[in-house]
Undergrad: 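I am attaching a structure below and will ask some questions about it afterwards.
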4 protein chains.
Amino acid sequence: MIVTVASFKGGQAKTTTAIHLAALLNAHKPTLLVDGDPNRSATSWNRRKGFPFKVVDEKQAVRFSREFEHIVIDTQARPTEEDLRELAAGCDVLIVPLTPDAMSLDTLFLLTDTLKKGNAEAKLKILLTIVPPKPSRDGEEVLATLAEAKLPTFKTVIRRYKAFQKAALEGVLVNEIDSPYAEEAWSDYVNVSKELLS
Amino acid sequence: MIVTVASFKGGQAKTTTAIHLAALLNAHKPTLLVDGDPNRSATSWNRRKGFPFKVVDEKQAVRFSREFEHIVIDTQARPTEEDLRELAAGCDVLIVPLTPDAMSLDTLFLLTDTLKKGNAEAKLKILLTIVPPKPSRDGEEVLATLAEAKLPTFKTVIRRYKAFQKAALEGVLVNEIDSPYAEEAWSDYVNVSKELLS
Amino acid sequence: MIVTVASFKGGQAKTTTAIHLAALLNAHKPTLLVDGDPNRSATSWNRRKGFPFKVVDEKQAVRFSREFEHIVIDTQARPTEEDLRELAAGCDVLIVPLTPDAMSLDTLFLLTDTLKKGNAEAKLKILLTIVPPKPSRDGEEVLATLAEAKLPTFKTVIRRYKAFQKAALEGVLVNEIDSPYAEEAWSDYVNVSKELLS
Amino acid sequence: MIVTVASFKGGQAKTTTAIHLAALLNAHKPTLLVDGDPNRSATSWNRRKGFPFKVVDEKQAVRFSREFEHIVIDTQARPTEEDLRELAAGCDVLIVPLTPDAMSLDTLFLLTDTLKKGNAEAKLKILLTIVPPKPSRDGEEVLATLAEAKLPTFKTVIRRYKAFQKAALEGVLVNEIDSPYAEEAWSDYVNVSKELLS
DNA sequence: TGAGTTAGAATGGCACCACCCGTC
DNA sequence: GACGGGTGGTGCCATTCTAACTCA
């Protein structure tokens with residue numbers, strides 16, 4: 001399965017999502033993470049401690065792709081319309097991480113419109129990330145808005161936990177973090193990977 | 001005074017910062033906000049209610065620039081190195097909003113390195129945004145890191161408040177929001193503007 | 001269906017009624033709102049956020065009228081007698097919003113007399129608006145007075161809620177307002193639209 | 001003293017204000033109320049029981065004006081710009097009643113702009129009317145907005161009382177109404193008249 | 001006196017850091 | 001003495017409750 005993670009806007013936990021999904025898919029079948037972000041965030045994250053899966057540059061992707069069952073592609077922050085359609089064409093699932101706020105939602109609709117023009121929306125699946133804790137209903141509200149717009153979403157949402165930041169800082173996956181909420185954080189991506197593989 | 005707001009990464013409250021500083025500088029002297037972001041976030045924000053200051057497109061900037069005492073420029077999300085140096089050369093203060101997390105900090109250093117290559121770091125001033133509430137010490141820690149790296153920062157930081165999201169949603173400044181923390185949110189930018197004008 | 005909203009007196013929630021009916025009719029079939037008020041209240045209201053239905057100026061009305069199933073016309077505050085008869089002739093239903101107080105009732109009778117002179121009272125339907133809360137029986141009393149005068153009224157009345165003011169202020173429909181009574185306020189117009197369509 | 005009561009919008013308690021001020025000024029010196037409203041609201045109000053002061057039609061105004069110390073003029077609901085400037089020129093004080101809501105405030109600014117064009121704003125004085133009871137802060141907020149816009153206002157505001165409606169219905173002044181709040185309602189206009197005469 | 005609307009105050013839940021105290 | 005787990009306290013936010021006021 002080829003999973004592409006893309007978004008029109010930075011700060012949506014795109015790299016975090018790509019890395020954790022790669023790790024979870026890797027537990028299932030050999031998985032390759034392709035770092036297509038010009039900031040090379042995933043590569044530098046990997047460099048600190050090393051992940052249990054292989055991380056390669058965009059240019060090396062073709063060379064390795066045959067050897068792996070799953071491929072997760074972390075794309076650049078703001079792809080052009082053409083890029084986006086090509087990305088969608090070249091994958092099985094296009095995951096778009098989205099934080100629950102109005103401005104992100106606006107840019108999401110730009111993205112989905114672009115996909116619809118290319119008849120490429122079939123592979124789209126939106127993942128809510130950095131969802132604030134429960135007295136806030138931002139997560140539920142955005143899910144409702146997306147359901148109304150007939151856009152496919154993961155039922156699982158990724159909650160806002162300090163553990164994710166710590167993981168990025170230390171260059172490890174969130175389940176290796178020493179924090180009371182690391183397990184909760186990890187379980188969110190576990191549930192997403194279950195949805196993905198089912 | 002010409003104030004440019006720029007960052008290498010999205011989701012750092014760049015547009016929010018540009019708009020609120022424009023509003024506060026405008027209370028001092030006539031101020032123009034130049035919307036250089038290709039998403040035209042500031043322009044669309046302005047369209048809903050209308051701000052007390054003028055907002056123009058990048059292309060119209062030159063025409064209006066003579067009529068205003070202060071100019072605030074909201075730049076695109078990821079300027080090229082060359083763009084960045086030109087932006088720095090064309091302003092009095094280059095404000096870089098920064099959220100206190102490791103990945104944002106990494107991209108900030110890319111930006112400051114670029115500035116140093118062009119000997120343009122003199123105008124740089126970093127503003128911490130979306131800082132989590134107080135039991136967290138993220139804000140202080142990042143401020144300390146920046147101080148150690150001899151990077152100039154605003155002493156004031158912008159805290160994370162729901163009121164900012166609501167303001168973006170309704171297309172108004174945060175002080176018009178009906179929320180118990182709207183006043184606190186507004187006071188943060190007031191303090192930044194004081195630092196800026198002193 | 002062409003619905004005209006008119007009154008001899010300001011402050012009767014005429015624009016609020018026109019906008020909410022347009023929204024509710026639009027949920028049924030494509031609807032156009034014609035802003036005939038010289039203050040352009042509906043147009044400026046629409047400008048802030050944008051309604052799900054089209055709003056046009058009086059002069060453009062003819063051009064668009066063919067494309068829509070329903071047309072709601074918001075007229076000027078105090079039409080001349082001749083204007084009023086022409087408005088009545090050019091619509092299917094003439095809705096007159098009315099607040100339950102003696103002075104408004106007086107001006108209403110001026111209006112109905114004018115209609116009777118032109119044999120145009122058949123299309124008239126009166127809508128009570130800004131009705132005070134229940135210990136007050138103003139609404140029922142005025143409804144009784146109108147029934148006695150053989151004037152057709154909506155059984156539903158629009159109650160007085162702060163949410164309507166907030167909606168006007170933010171330029172949105174009342175159901176988007178964050179207020180405990182927003183749902184009640186919205187349901188009033190929902191019931192009116194049901195009466196209108198049955 | 002010649003007092004003109006005018007507004008751009010109906011439903012602002014214009015006639016109620018004119019009648020009560022005429023009554024209170026009449027207690028001071030002989031006062032004439034000129035009914036310039038085409039609805040003849042004041043005249044019909046007077047017809048029921050009779051006021052202690054004289055009420056005349058606009059056309060008869062000139063004839064009687066010499067005999068009275070104070071003249072209160074109740075004008076039509078939406079004067080043209082030219083009318084308004086003439087009204088302002090022909091009086092000592094131009095009272096504009098205003099209800100505390102956003103739409104009324106918008107039309108008020110249209111009116112004040114018109115006055116400023118004719119350099120006639122010196123006589124302007126705004127009176128807040130139909131102010132909701134105390135948990136609501138609408139009155140204070142609008143007063144603050146007007147103070148910010150440097151528009152002169154009465155310190156006293158007229159609160160929203162059922163007694164005013166009852167007075168209009170029965171054709172009497174509010175102090176003759178049998179209601180626990182009639183005294184409060186009356187005292188509001190008493191305080192306005194004190195401000196006016198001082 | 002009681003009903004109804006409204007704004008402000010109080011409550012409870014959640015994430016997070018810091019402190020405390022026991023154990024190795 | 002260092003480490004580790006549990007506890008308390010802080011801050012934000014949504015909801016619920018309360019107080020104020022009008023009015024039958």
Side-chain angles (χ1 to χ4, degrees), chain A residues 100-101 130-141 157-166 174 177-185 188, chain B residues 100-101 130-141 157-166 174 177-185 188, chain C residues 100-101 130-141 157-166 174 177-185 188, chain D residues 100-101 130-141 157-166 174 177-185 188:
Chain A
D101 67 280
I130 319 184
V131 176
K134 209 193 233 166
S136 162
R137 300 191 342 173
D138 290 2
E140 306 164 39
E141 282 172 11
V157 304
I158 309 299
R159 287 168 287 178
R160 184 179 72 197
Y161 284 118
K162 187 76 185 298
F164 284 119
Q165 283 183 34
K166 254 177 135 173
V174 77
I177 290 300
D178 172 26
S179 154
Y181 290 90
E183 202 175 344
E184 290 287 304
D188 283 351
Chain B
D101 66 282
I130 320 184
V131 176
K134 212 192 231 168
S136 162
R137 295 180 6 128
D138 291 1
E140 305 163 41
E141 283 171 10
V157 303
I158 308 299
R159 287 168 286 178
R160 184 178 71 198
Y161 284 117
K162 187 80 183 296
F164 283 119
Q165 283 184 35
K166 248 179 140 174
V174 77
I177 291 297
D178 175 22
S179 153
Y181 289 89
E183 205 175 343
E184 288 289 303
D188 284 352
Chain C
D101 66 280
I130 321 184
V131 177
K134 211 192 232 166
S136 162
R137 297 182 3 127
D138 290 2
E140 305 164 41
E141 284 171 10
V157 303
I158 309 298
R159 289 167 286 179
R160 183 179 72 198
Y161 283 119
K162 186 80 185 296
F164 283 119
Q165 282 183 36
K166 247 178 141 176
V174 77
I177 290 299
D178 175 22
S179 155
Y181 288 90
E183 206 175 341
E184 289 287 305
D188 283 352
Chain D
D101 66 282
I130 320 184
V131 176
K134 210 195 233 166
S136 163
R137 299 192 344 175
D138 290 1
E140 305 163 41
E141 282 172 13
V157 303
I158 308 300
R159 287 168 285 177
R160 185 179 72 197
Y161 285 118
K162 189 75 184 300
F164 284 119
Q165 282 183 35
K166 253 178 138 172
V174 78
I177 291 297
D178 173 25
S179 154
Y181 290 91
E183 201 177 346
E184 288 289 303
D188 284 350

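Computation of the quantities below employed the complete heavy-atom set of this structure, encompassing side-chain atoms and omitting hydrogens, waters and symmetry-equivalent molecules. Chain A is the first sequence line, chain B the second, and so forth, proteins listed ahead of strands; every chain is numbered from 1.
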Undergrad: Pick the closest DNA chain E nucleotide for D:Asp138 and for B:Asp138 by heavy atoms, then say which residue is nearer the 5' end.
TA: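 Residue closer to the 5' terminus by nearest nucleotide: D:Asp138.
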Undergrad: Take nucleotides 8-13 of chain F nucleotide by nucleotide from the 5' end and write B, S or -, depending on whether a protein heavy atom sits under 4.0 Å from the base, only from the sugar-phosphate, or from neither.
TA: -BBSBB
Undergrad: So which heavy atom on A:Gln165 is nearest to which on B:Pro100, and how close?
TA: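 Where A:Gln165 meets B:Pro100 most closely, the heavy atoms are OE1-O, 3.5 Å.
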Undergrad: What closest approach, in Å, do C:Ala185 and C:Val174 show between heavy atoms, and which atom pair accounts for it?
TA: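 Closest approach of C:Ala185 to C:Val174: CB-CG2, 3.8 Å.
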Undergrad: To the nearest 10°, give me the bend of the helix from E:dT1-F:dA24 to E:dC24-F:dG1, comparing the axes of its five terminal pairs at either end.
TA: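 Answer for the end axes of this duplex: 40°.
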Undergrad: Can you tell me if C:Asp188 uses its side chain to pair, donor with acceptor, with the backbone of C:Arg159 under 3.5 Å?
TA: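 Yes, because the side chain of C:Asp188 sits within donor-acceptor range (under 3.5 Å) of the backbone of C:Arg159.
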Undergrad: Please state how far atom CD1 in C:Ile177 lies from atom P in E:dT6, giving the value in whole angstrom units.
TA: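 Spelled out: CD1 on C:Ile177 to P on E:dT6 is 12 Å.
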Undergrad: If you count every heavy atom of other residues, nucleotides or ligands that lies below 6.0 Å from D:Glu183 atom CD, does the total exceed 12?
TA: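 No - once you tally the heavy atoms of other residues, nucleotides and ligands closer than 6.0 Å, there are 12 at most.
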Undergrad: Could you report the tightest heavy-atom contact between B:Asp138 and B:Pro132, atom names first, then the distance?
TA: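 For B:Asp138 versus B:Pro132, the nearest heavy atoms are OD2-CG, 3.8 Å.
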Undergrad: Identify the heavy atoms of A:Ala163 and A:Ala182 that sit nearest to each other, and give their distance.
TA: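 Here A:Ala163 and A:Ala182 meet closest at CB-CA, 4.1 Å.
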Undergrad: Can you name the closest pair of heavy atoms from C:Val131 and C:Gly139 and give their distance?
TA: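 Taking every non-hydrogen atom into account, CG1-CA, 3.9 Å.
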Undergrad: Please give, in whole Å, the distance from E:dT5 P to C:Ile130 CD1?
TA: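 One finds 15 Å between P of E:dT5 and CD1 of C:Ile130, rounded.
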Undergrad: Please report the shortest heavy-atom distance between D:Asp178 and D:Lys166, naming the atom on each side.
TA: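 The pair with the smallest heavy-atom distance is O-NZ, 3.5 Å.
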